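Okay, so here's the structure we're looking at.
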Amino acid sequence: FLSGLELDLKLLKPTQLTAERQHKLTQALPMGIFVFLGTLLLAFGATTLFAPPLASGNPFMLGLLLSTTSLGVVVPVLKERELMNKYFGQYILVASSIADFATLLLLTTFIAFLSRGLTLDLLLIPALLLIFIMVARFSARASQSTRLQRALDSISSATSQIRVRGAFALMVAWVVLAETFGVEVILGAFLAGAIASLLSGRDDQDSREKLDAIGYGFFIPIFFIMVGVQFNLRAVLESTEGLLLLAWLIAVAFLVMILPALLLKLRFSWRQAFGGGMLLSSRLSLVIAASAIAFRLGLINETVNSDIFLLAIVTCTIAPFLFNRIYPRSEEKVRRGIIVAGQDQLAEYIIERIKRLLIPLLAFMIFLFPLLGYFWPTDLDLTSYNYFTEFWPWCLTKTFYSDITGGPNWAHMWFVGYLLIYSLVLLPVFLRIRAGKSALIESVTRFVARRWGAIFLVGIPISLTFALLAPIWPFFRNNLYTD
């Protein structure tokens, strides 16, 4: 509920503050979506391809756990550094809001899918979201009514405390609604907090402080006490594998947030982008609650659950400290609303790569490849699958991790994945060329461009690489790391 209370849905609506031409995909909302998608892909890749043996269980659930962030940590740090109304603070706030909401929604959907299968009951989740959208629109209009706000202010003091009581009633109502729909109650509590945020507005600090005091001073300590009672520290400390798993989780938790956050370089400096990724790496109550649910459902083992608890403690402690050390203390220009970043060549390049490579690749892997495998079953045993709706979920697990390739199974579209990875990995090279700091590359490029047939010299290192590595890896697996 408190995480939803920190969510400001009004920030997701961009405002045009300058007269210059702007590109929609370089605004804060699309950038936040790109950062989250990058985090999600890296987390799934790490848990699917590089997870230690002790991290047994469902790799997709572990990937979702590592994709979470904590608005409850991000917002106070931004307030302390007075960044809430500045360019950088708004970008980080939007990115963390998207990650918080999207991971919670994906966790709820994934748990419902595993519990009930691909049935019509899954439609109850979008039905709950539709109710939320209608209530949110009504709440946004109600928050603009000065007469209603004055009436609430008049009965919010002394013994009535109608705003606090109303917030608790709203939370209970949405928890009951989520339980009725068969959805995890943490999603209902989160949506209730978001509605309360719309009704109260960002200026109602008095009610927010009261709710924070009740939550962080009473309920959350009880939650952590109950988690601590069930926490098995011995399972982590008594085995070397448990400690190695903890170190791996911490490393992956920071990397999957920091690397996608470097996209913020399109608008800010490298130091600011790196610091933003460090702050987004903080995790707290959401990852612990989701881990407890996953452990209860048998999706992760006890050691992973204990390590996730320690991960939350480490990240929520270290990430804000490192952010304060990394983020520069130079003053920024203060603006109100969402700031729109300008259009430049680098932004156009990344956006073009995502539109032309990443989106078609995901569409093929999720939709077209299952259809290809179902209607053209050359090496797949489909005797146990009478309908495509039964075959599709099984095929998705084989699409993102294949026993044959040892990695993602992008079939005939393997070269698209390679092009995407190469184009992103070579971004620093392109930046140096663009800044005029790579004389060697420029001279080589001029030589190749001016000499007839010089382009064929590029085939020499490719041939040498193939000749040296082919005896070690004689088969084409198309999985990036053993090919």
Side-chain angles (χ1 to χ4, degrees), residues 2-3 39-40 42-48 50-74 76-77 96 99-100 103-104 107 111 186 215-216 219-259 261 277-326:
L2 293 177
S3 297
T39 298
L40 205 61
L42 288 176
F44 283 160
T47 56
T48 304
F50 307 109
L54 194 59
S56 60
N58 194 296
F60 294 102
M61 172 56 71
L62 188 57
L64 287 175
L65 292 176
L66 291 175
S67 302
T68 58
T69 186
S70 177
L71 266 174
V73 176
V74 172
V77 174
S96 59
D100 226 27
T103 50
L104 184 55
L107 281 167
I111 291 173
I186 56 174
Y216 292 110
F219 287 108
I220 288 183
I222 293 177
F223 167 74
F224 277 104
I225 289 173
M226 297 305 298
V227 172
V229 169
Q230 301 174 3
F231 174 62
N232 189 0
L233 182 61
R234 184 175 300 177
V236 179
L237 299 179
E238 285 188 348
S239 64
T240 306
E241 292 81 1
L243 294 175
L244 291 176
L245 176 61
L246 176 61
W248 179 83
L249 285 173
I250 294 174
V252 171
F254 279 101
L255 287 176
V256 299
M257 285 293 182
I258 292 174
L259 293 180
M278 188 65 66
L279 183 58
L280 290 173
S281 301
S282 57
R283 296 162 176 85
L284 192 58
S285 55
L286 176 58
V287 70
I288 294 177
S291 177
I293 295 173
F295 176 62
R296 173 169 54 84
L297 296 176
L299 300 177
I300 58 175
N301 57 42
E302 185 178 12
T303 303
V304 174
N305 185 41
S306 301
D307 282 341
I308 290 292
F309 181 80
L310 294 176
L311 168 70
I313 296 176
V314 171
T315 55
C316 75
T317 304
I318 294 180
F321 171 76
L322 293 178
F323 169 77
N324 287 324
R325 300 287 293 181
I326 294 171

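Note that the structure is predicted; figures quoted are calculated from it, not measured. For the single chain, residues carry numbers from 1 onward in sequence order.
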Identify the two heavy atoms, one from [X] and one from [Y], that lie closest to each other, and give their separation to 0.1 Å.
| X | Y | value |
| --- | --- | --- |
| I300 | F295 | O-CD1, 3.5 Å |
| C316 | R283 | CB-O, 3.4 Å |
| L284 | V287 | O-CG1, 3.2 Å |
| N305 | S291 | OD1-OG, 2.6 Å |

Look at the side chain of [X] and the backbone N and O of [Y], then say whether any donor-acceptor pair between them is shorter than 3.5 Å.
| X | Y | value |
| --- | --- | --- |
| D100 | S96 | no |
| S281 | A319 | no |
| T48 | G45 | no |

Could you walk me through whether R325 and M278 satisfy the side-chain contact (heavy atoms from CB on, under 4.5 Å) test, starting with their C-alpha distance in whole Å, then the side-chain angles of each, then the deciding distance to 0.1 Å, before giving a yes or no? CA-CA 11 Å; R325 300 287 293 181; M278 188 65 66; over 6 Å; no
Please report the C-alpha distance between S70 and L286 in whole Å, then the side-chain angles of each, then the deciding distance to 0.1 Å, and finally whether the side-chain contact (heavy atoms from CB on, under 4.5 Å) criterion is met. CA-CA 7 Å; S70 177; L286 176 58; over 6 Å; no
Got a second to check how far [X]'s [atom1] is from [Y]'s [atom2], nearest 0.5 Å?
| X | Y | atom1 | atom2 | answer |
| --- | --- | --- | --- | --- |
| W248 | T47 | CH2 | OG1 | 6.0 Å |
| T39 | I258 | OG1 | CD1 | 10.5 Å |
| L246 | I308 | CG | CD1 | 9.5 Å |
| L311 | F254 | CG | CZ | 8.0 Å |
| D307 | I250 | CG | CD1 | 8.0 Å |
| T68 | L280 | OG1 | CG | 11.5 Å |

Considering only distance and modelled atom types, tabulate donor-acceptor pairs under 3.5 Å from the side chains of residues 57-67, sequence neighbours left out.
from, atom 1, to, atom 2, distance (Å)
N58, OD1, F60, N, 2.9
N58, OD1, M61, N, 3.2
S67, OG, G63, O, 2.8

Verdict with supporting geometry, L42 and L255, side-chain contact (heavy atoms from CB on, under 4.5 Å): CA-CA 8 Å; L42 288 176; L255 287 176; over 6 Å; no
Partners passing side-chain contact (heavy atoms from CB on, under 4.5 Å) against I293 (at least two apart in sequence or in another chain): I111, E184, I186, R296, L297
